[in-house]
Amino acid sequence: MSALSGLLDILKGDAQADRVVPRRGHSVRLTLFTSGAMAFLAVFALALSLASGRLADRWSEALARSSTIRISAPAAQMEAQIWAVLEVLEQTPGVASARALSEEEQRDLLEPWFGPDLPLEDLPVPRLVEVIETAEGYDPDGLRLRLAAEAPGAVLDDHTRWRRPLVRAAERLRSLGWISLALILGSVAAMVTLAAQSALAANVKVIRVLRLVGARDHYIARAFVRRFTLRALTGATVGTALGMIAIALLPSAQEEGGFLTGLGFAGLHWLWPLTVPILSAITAFWATRAAAFKTLRSLP
Amino acid sequence: MSALSGLLDILKGDAQADRVVPRRGHSVRLTLFTSGAMAFLAVFALALSLASGRLADRWSEALARSSTIRISAPAAQMEAQIWAVLEVLEQTPGVASARALSEEEQRDLLEPWFGPDLPLEDLPVPRLVEVIETAEGYDPDGLRLRLAAEAPGAVLDDHTRWRRPLVRAAERLRSLGWISLALILGSVAAMVTLAAQSALAANVKVIRVLRLVGARDHYIARAFVRRFTLRALTGATVGTALGMIAIALLPSAQEEGGFLTGLGFAGLHWLWPLTVPILSAITAFWATRAAAFKTLRSLP
Amino acid sequence: MIELQDAAYGYGGGSLLSDINLRLAPGSFHFLTGPSGAGKTTFLKLCYADLHATSGRVTLFDQDTSEMSRDDVAQARQRMGVVHQDCEFLDHLPLSENIALPLTVAGRGGAEQDGNLSELMGWVGLSARADALPPELSGGERQRAALARAVITDPDVILADEPTGNIDWEMSLRLLQLLVELNRMGKTILIATHDLALIRAAKAQVSARVLRIAGGRLQLAGADL
Amino acid sequence: MIELQDAAYGYGGGSLLSDINLRLAPGSFHFLTGPSGAGKTTFLKLCYADLHATSGRVTLFDQDTSEMSRDDVAQARQRMGVVHQDCEFLDHLPLSENIALPLTVAGRGGAEQDGNLSELMGWVGLSARADALPPELSGGERQRAALARAVITDPDVILADEPTGNIDWEMSLRLLQLLVELNRMGKTILIATHDLALIRAAKAQVSARVLRIAGGRLQLAGADL
Ligand SMILES: Nc1ncnc2c1ncn2[C@@H]1O[C@H](COP(=O)(O)OP(=O)(O)OP(=O)(O)O)[C@@H](O)[C@H]1O
Ligand SMILES: Nc1ncnc2c1ncn2[C@@H]1O[C@H](COP(=O)(O)OP(=O)(O)OP(=O)(O)O)[C@@H](O)[C@H]1O
Ligand SMILES: [Mg+2]
Ligand SMILES: [Mg+2]
């Protein structure tokens, strides 16, 4: 029986066979709550992973894939050198785009240091060209050589020095998210398994009576598996829904910081948490199945 | 019975009374694992909270408590104005320290934009004074007025514009940590409670037999409470230890990034996770006690 | 139906029963006696494949029980009615559903069950308790219910372990009547009991053989029974 | 010891027992009979404060059971020995510890228990099974163990519900012997049973009164017993 067809089979059910397993009891509450709480936590961990993933992507792109070319030249030659640099960049494989910063942009960049009334045009301030790499990146040494030839005043600054820790930090945050997600999913699996085993242990008498009156293992296991899978699915669905609502209610992320996006799902990422109840149900299905057959085999 | 004296009483135990509660069974494994897994997660959440707390503190201090005074003046007056500014600052309440950046420091700050060979001395580049506030902070408007009087070329830039999103982001991260910690502790409590209830339900027969032979409620409850408290303590201790080991093994945090510290405990913060097993044991103590007396009262 | 050849059994390496030879022919009526702890329940468990003989052979419906798969055992049990010494039920289902459980499990619920069920519950004196949950029954009521559950499927073989231990004499005779009736219809019956009066009452109505377990061996009881 | 005055009881609003008047004087020996489902177990539960009379008064050791706190009930039970109809034990403890459980619970384990225990286990024929776990016992062995557990504390009152339902005649007589002996030492004894032969055997040895529950009332049984 494949997981999916088994699962669908289970959800169809058989009203008569169903009644042989008690509907209520502490093990029911335990299974419902465990899968619910763990689904809730899983949604948070997922949000953290996705958010830090976005963050790492943004940093990688914004920092790792951008560099600056600084052109210092007499005012007369400046325009020519800018054009030369842009032309070189256009022909360089691995460069996605390049553009010269406008004077306003440079003024904005420098304002914190020099104040708003910096007489840019009167200063021998170099002009800046922003370079965005493609995913493959360009060869910085080759680019430097060509720049030296075409525009002697141009200096390539590939930000290597200060972009590294940022990217590393983002990656650490992302892996932290995935580690917690893995931890939580592992705990879900273990706890649903233990809850199923403990519920089955509480129902050993039911199993004994059913064996006595001639029920096959398959019949008994099915009844239990169906109950538990449905319970885990219910619990996890509620937990996931609550988790998604909680995340939607979190103070919304503003982009001002630029380097820390909000915790939350963006666009299609809202579909990700929907996998949590499905995974919980599949886990419960296999856990209960294994526990049921193990318990059954221990009885004659 | 106060929680603590009850708890200590419980840990002392009574070997004879103890044996009346089954030592093994699925509920045992469930309790051990639940408290262990949740303690493990709690340690991670705690690490996240503390790390983001440190981060937020650092950002608040490094960003919110530093500001810059930019002095634009003819070269001849520059030195005098710098001294005037420093003098004003010395007399301003709420300023912890102030110093003028050296030319090398300014050159380093500007290098990304102007290249290493910026002729700073030939340029009308303003000089920068770094101001560090005390925790109480100074009154920026008062300072501006005094600066205008004493050093007309000085402009106070208190970074307000661009420090806000950083601080906000750090605070969001910190509250995320505390939210997950609260969620996890809540789940621990709920799950230990449910595990205790479900274990007690599995032991209804034990309770019935004990009542029949004349055991008092107190005697029965004690035996269960002791078992469960010890189990939760054991599970949580193991989980906490594993969590601390896992965190110690995480790639160590480097400070280069400066704005994202590693996930981990620093110094005395290593004592914090030790509260997790104690909290788990206290939770288990109360949860089992309540569940035991509830179950007992349902039997004649 | 059921045949034991040189069968032996012991718990945990011991030797409780040995050299057991017995053939339960279709339509036969047997009683099994012996002091408490002699091995009556163990013997019955061998017969319904709850235990496997440590040596010798036990044949159930022409199959060696040690070679039966778990599904074969379930299948065989659908053709047998077993009254356990400690009557266990599904505590969450009302009595009537518990008695009909063997039909439910065999997929034979519905129409077939309704007719038999109410008649049978009347016979064992439980009509008034049909909707009670098993924990609400008295000890004797539970034993009667267990017998009803054992015979509801119209099984070929009925094995009963002390079915009247908690039941008063009049009701015991009534239950015996039911078993005698079933035996006359051709069912094979084996009853473990220590109630000698019941055995005497049965022998007055059918030709029953009385077996006795003593010292781990199976013997035919003396003429006094 | 135990006194019921106009006591009545019914499950779920019904009326099972009514107008019950009885005084169990210290040192008296009573049997309680009645058809299965008549209310014998219910009657005993009223006596050991497991149920409270819906009307009338039940007095246990001079205390009204409906006014006893849960601890009072526990205290009273330490002075009583009760054999439940379905003998339940702590399945994780060996038989000997189960039988000594009332002593353990009363904080009277150790020295006191060892002497009585082995003698008592020999009397009920369980010496060889002292280390067995309760689920490994036969039905009759469990009943004997339940009786042993009920008398180990040397209680003032012994209430037994069908203590010989699963036990052969010889062993039943042996258990009866124990109870008669205890009665001669001044203990109050009440046994619910449907085994008329046992009652007759007892009446040959002590002066026992036989009560009968019929139609919810308590009557003295006829002279035929
Ligand atoms: N699971 C077990 N493990 C070990 N010993 C067992 C087990 N089950 C039964 N026994 C022992 O085997 C012996 C026979 O048990 P059995 O239940 O067959 O007796 P019985 O004849 O049915 O007795 P009774 O009339 O009291 O029911 C007993 O001494 C019992 O203690
Ligand atoms: N908890 C309960 N809820 C509802 N009805 C009950 C409950 N316990 C017992 N009864 C019913 O009360 C009646 C008397 O039960 P009780 O156990 O006292 O009978 P008994 O005389 O001991 O019978 P037996 O000889 O079969 O043990 C029975 O019909 C039983 O079904
Ligand atoms: Mg038996
Ligand atoms: Mg009864």
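Numbers restart at 1 for each chain; the letters A, B, ... are given by sequence-line order, proteins then strands.
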**Q** Sort out for me which of A/L296, A/L212, A/V206 touches chain C most, counting heavy-atom pairs under 4.5 Å.
**A** A/L212
**Q** Test your reading of the model: is there a side-chain donor-acceptor pair from C/D19 to the backbone of C/A7, 3.5 Å cut-off?
**A** no
**Q** Do any side-chain atoms of residues 235-242 of chain A form donor-acceptor pairs under 3.5 angstrom with protein atoms, and if so which ones, sequence neighbours left out?
**A**
| residue | atom | partner | partner atom | Å |
| --- | --- | --- | --- | --- |
| A/T237 | OG1 | A/L233 | O | 2.5 |
| A/T240 | OG1 | A/A236 | O | 2.6 |

**Q** With chain A as the partner chain, list the residues of residues 45-62 of chain C whose heavy atoms fall under 4.5 Å from it, by residue number, and write 'none' if nothing qualifies.
**A** C/Y48, C/D50
**Q** Which value, rounded to the nearest 0.5 Å, describes the distance between C/L133 atom CG and C/L90 atom CG?
**A** 11.0 Å
**Q** Between C/D91 and chain A, which part of the residue has a heavy atom less than 4.5 Å away: side chain, backbone, both or neither?
**A** side chain
**Q** Side chain, backbone, both or neither: which part of A/I220 has an atom under 4.5 Å from a heavy atom of chain C?
**A** neither
**Q** For C/S28 and C/L24, indicate whether the former's side chain and the latter's backbone hold a donor-acceptor pair under 3.5 Å.
**A** no
**Q** So if I take each residue of residues 67-75 of chain C and look for any heavy atom under 4.5 Å from a heavy atom in chain A, which residues do I end up with?
**A** C/R70, C/D71, C/V73, C/A74, C/Q75
**Q** Start with the C-alpha distance between C/R149 and C/L120, add both sets of side-chain angles, then the distance that settles side chain to side chain contact (heavy atoms under 4.5 Å, CB included), and finish with yes or no.
**A** CA-CA 9 Å; C/R149 183 177 65 186; C/L120 195 55; over 6 Å; no
**Q** Evaluate the side-chain proximity of C/L101 to A/L210: yes if any heavy-atom separation is below 4.5 Å, no if none is.
**A** yes
**Q** Do A/R231 and A/S35 make a side-chain contact, defined as non-hydrogen atoms from C-beta onward lying under 4.5 Å apart?
**A** no
**Q** Could you note down all residue pairs passing side chain to side chain donor-acceptor pair (under 3.5 Å) where residues 7-17 of chain C supplies at least one of them, sequence neighbours left out?
**A** C/Y11-C/T42
**Q** Without swapping roles, check the side chain of C/T164 against the backbone of C/I167 for a donor-acceptor pair under 3.5 Å.
**A** no
**Q** Examine whether an atom of C/R79 lies under 4.5 Å from a heavy atom of chain A, and if so say whether it belongs to the side chain, the backbone or both; otherwise answer neither.
**A** neither
**Q** To check you understand the geometry: which heavy-atom pair defines the closest contact between C/N21 and C/D6, and what is its length?
**A** OD1-N, 2.9 Å
**Q** Of the backbone (N, CA, C, O) and the side chain (C-beta and beyond), which part of A/R297 lies under 4.5 Å from a heavy atom of chain C, both, or neither?
**A** both
**Q** May I ask you to test the C/L211-C/F31 pair for a side-chain heavy-atom distance under 4.5 Å?
**A** no
**Q** Cation-pi between A/R227 and A/F224: NZ/CZ under 6.0 Å from ring centre and within 45° of the ring axis?
**A** no
